[in-house]
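Report on one structure; see the data block that follows.
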Number of protein chains: 2
Amino acid sequence: MKLTSKGRYAVMALVDLARFDSINPVSLRDISLRQGISLDYLEQIFSKLKKNEIVKSIRGTQGGYVLNKNPNDIKLTNIFHAVDEKVKTVQCNKDSKRGCNGKATKCITHNLWDELEIHINTFFENKSLNDLLNKNKETRV
Amino acid sequence: MKLTSKGRYAVMALVDLARFDSINPVSLRDISLRQGISLDYLEQIFSKLKKNEIVKSIRGTQGGYVLNKNPNDIKLTNIFHAVDEKVKTVQCNKDSKRGCNGKATKCITHNLWDELEIHINTFFENKSLNDLLNKNKETRV
DNA sequence: TACATACCTGACTAAAATGGTCAAGTTTTG
DNA sequence: CAAAACTTGACCATTTTAGTCAGGTATGTA
Ligand code: FES
Ligand code: FES
């Protein structure tokens, strides 16, 4: 089970953004430099964050991105959903009665994987961007 | 975040095994047929389970595999560890002070990923093979 | 109005991981 | 001795990941 860089970067970038956007729009270039993430890759990520109304963009010189919601209302779930980082513990279709690989019924461990998926998603639902900001301030020396 | 088939198959196969091994050693061929998992792939998986002393092998005709421990003492953690299915929320080395991609320090969201990793691993540590057997009996019609 | 800054879009790709297969054994029981 | 079943290691097609690259378009400022 691995968390992909895309998901990790999305959260990193938003935390960075949240710390500065009250002053000015934050350019991807700045985030790229501060967080060491490729600018081109950030652009892909922010395009999705924007489509999902997590950020707003401001074009032109001195432009950049701004949060579109209160940091308290941006949960990890929302961020991950926006960048297509989803938790998948099985291959079979959730809504179908069929099992993995097109088998007629669900397998003997199916319930377990459902539980696991819920367990992980709960973590994401309970963590907001704001939690990360506070946590970060606390641990800053 | 995806759970790989290897990890899923390992657990499925062991649950299947646990239901029959009190009578006879269970051959991989039987597990393969019952669970719809490629025999060749199962062989790779059981080779690892054996190295980690989760199962014992009995060679020859009427041979097969048997659990090497009490189902209560086989946690999901042990199974996953055996087949190299590990939870990885970061790229950077746990024990190093350096961050991802060789950066000099850990990133601003590092704590979060640690928490996530612990959250997931807790689930695996608290689930034993025995839990799965009971659960399965309960839900069987 | 030019120009620099910064967003925007889509195509492309190298490398790694995944999910196996294939081949050639060895061991043991009936 | 034949068949069943474990053992080992190499091999491989496909998919996913983690980007890069090449072109735009919009807008504030000198
Ligand atoms: S996980 Fe898909 S059938 Fe059980
Ligand atoms: S996750 Fe590796 S440095 Fe933060």
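A note on names: the letters A, B, ... follow the listed sequences, proteins ahead of strands, and every chain is numbered from 1. These figures come from a predicted structure and were not determined experimentally.
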Using a 3.5 Å limit for the pairing distances, which stems of at least 3 consecutive Watson-Crick or G-U wobble pairs does DNA chain C take part in? C:1-30 with D:1-30
Could you state the [atom1]-[atom2] distance from [X] to [N], rounded to the nearest angstrom?
X	N	atom1	atom2	result
A:Glu43	D:dA22	CD	C1'	12 Å
B:Asp84	C:dA17	CG	C1'	13 Å
B:Leu42	C:dG20	CG	P	10 Å
A:Asn24	C:dC7	CG	P	13 Å
B:Met12	C:dG19	CE	P	13 Å

Would you please test A:Asp40 and A:Gln44 for side chain to side chain contact (heavy atoms under 4.5 Å, CB included) and show each step? CA-CA 7 Å; A:Asp40 284 316; A:Gln44 282 181 47; 5.8 Å; no
Just jot down the side-chain contact (heavy atoms from CB on, under 4.5 Å) partners of A:Thr122, sequence neighbours excluded, or say none. A:Ile118, A:Asn126
Hey, mind stepping through B:Met12 and B:Asp16 against side chain to side chain contact (heavy atoms under 4.5 Å, CB included) and telling me if it holds? CA-CA 6 Å; B:Met12 279 172 69; B:Asp16 183 293; over 6 Å; no
Would a distance-only check, ignoring hydrogens and angles, find a side-chain to backbone donor-acceptor pair under 3.5 Å from A:Glu117 to A:Lys88? no
Just by modelled atom types, is the B:Thr89 backbone N or O under 3.5 Å from a matching donor or acceptor in the A:Arg8 side chain? yes
With 3.5 Å as the limit, what N/O pairs link the protein to nucleotides 17-20 of chain D?
| unit_1 | atom_1 | unit_2 | atom_2 | d |
| --- | --- | --- | --- | --- |
| D:dA18 | OP1 | A:Ser5 | OG | 3.4 |
| D:dA18 | OP2 | A:Ser5 | N | 3.0 |
| D:dG19 | OP2 | A:Tyr9 | OH | 2.9 |
| D:dG19 | N7 | A:Gln44 | NE2 | 3.4 |
| D:dT20 | OP2 | A:Ser38 | OG | 2.5 |
| D:dT20 | O4 | A:Gln44 | NE2 | 2.7 |

Nucleic acid contacts - residues 45-58 of chain A versus DNA chain C, non-hydrogen atoms under 4.0 Å: A:Lys50, A:Ser57, A:Ile58
Within 6.0 angstrom of A:Glu53 CD, more than 12 heavy atoms from elsewhere: no
Considering only heavy atoms from C-beta outward, does the side chain of A:Lys50 approach that of A:Ser47 to under 4.5 Å? no
Rounded to the nearest 0.5 Å, the CG atom of B:Leu28 sits from the CD1 atom of B:Ile37 at a distance of 10.0 Å
In Å, rounded to the nearest 0.5 Å, how long is the span from NZ of A:Lys97 to OG1 of A:Thr105? 11.5 Å
Test A:Val90 against A:Lys106 for side chain to side chain contact (heavy atoms under 4.5 Å, CB included), laying out the working first. CA-CA 11 Å; A:Val90 296; A:Lys106 298 289 185 189; over 6 Å; no
Taking distance alone, no hydrogens or angles, what donor-acceptor pairs closer than 3.5 Å link side-chain atoms of residues 72-84 of chain B to residues at least two apart or in another chain?
| unit_1 | atom_1 | unit_2 | atom_2 | d |
| --- | --- | --- | --- | --- |
| B:Lys75 | NZ | B:Asn72 | O | 3.4 |
| B:Thr77 | OG1 | B:Phe124 | O | 3.1 |
| B:Thr77 | OG1 | B:Glu125 | N | 3.2 |
| B:Asn78 | OD1 | B:Lys75 | N | 2.8 |
| B:Asp84 | OD2 | B:Lys48 | NZ | 2.8 |

Could you list all N or O pairs between the protein and nucleotides 26-30 of chain C that sit under 3.5 Å apart?
| unit_1 | atom_1 | unit_2 | atom_2 | d |
| --- | --- | --- | --- | --- |
| C:dT26 | O2 | B:Arg59 | NH1 | 2.9 |
| C:dT27 | O4' | B:Arg59 | NH1 | 2.2 |
| C:dT29 | O2 | B:Thr61 | OG1 | 3.3 |

Parallel, tilted or perpendicular: which describes the rings of A:His119 and B:His119, with under 30° parallel and over 60° perpendicular? parallel
Under 4.5 Å between side-chain heavy atoms, counting indirect links through other Ile/Leu/Val/Met/Phe/Trp/Tyr residues: same cluster for A:Phe123 and B:Trp113 or not? yes
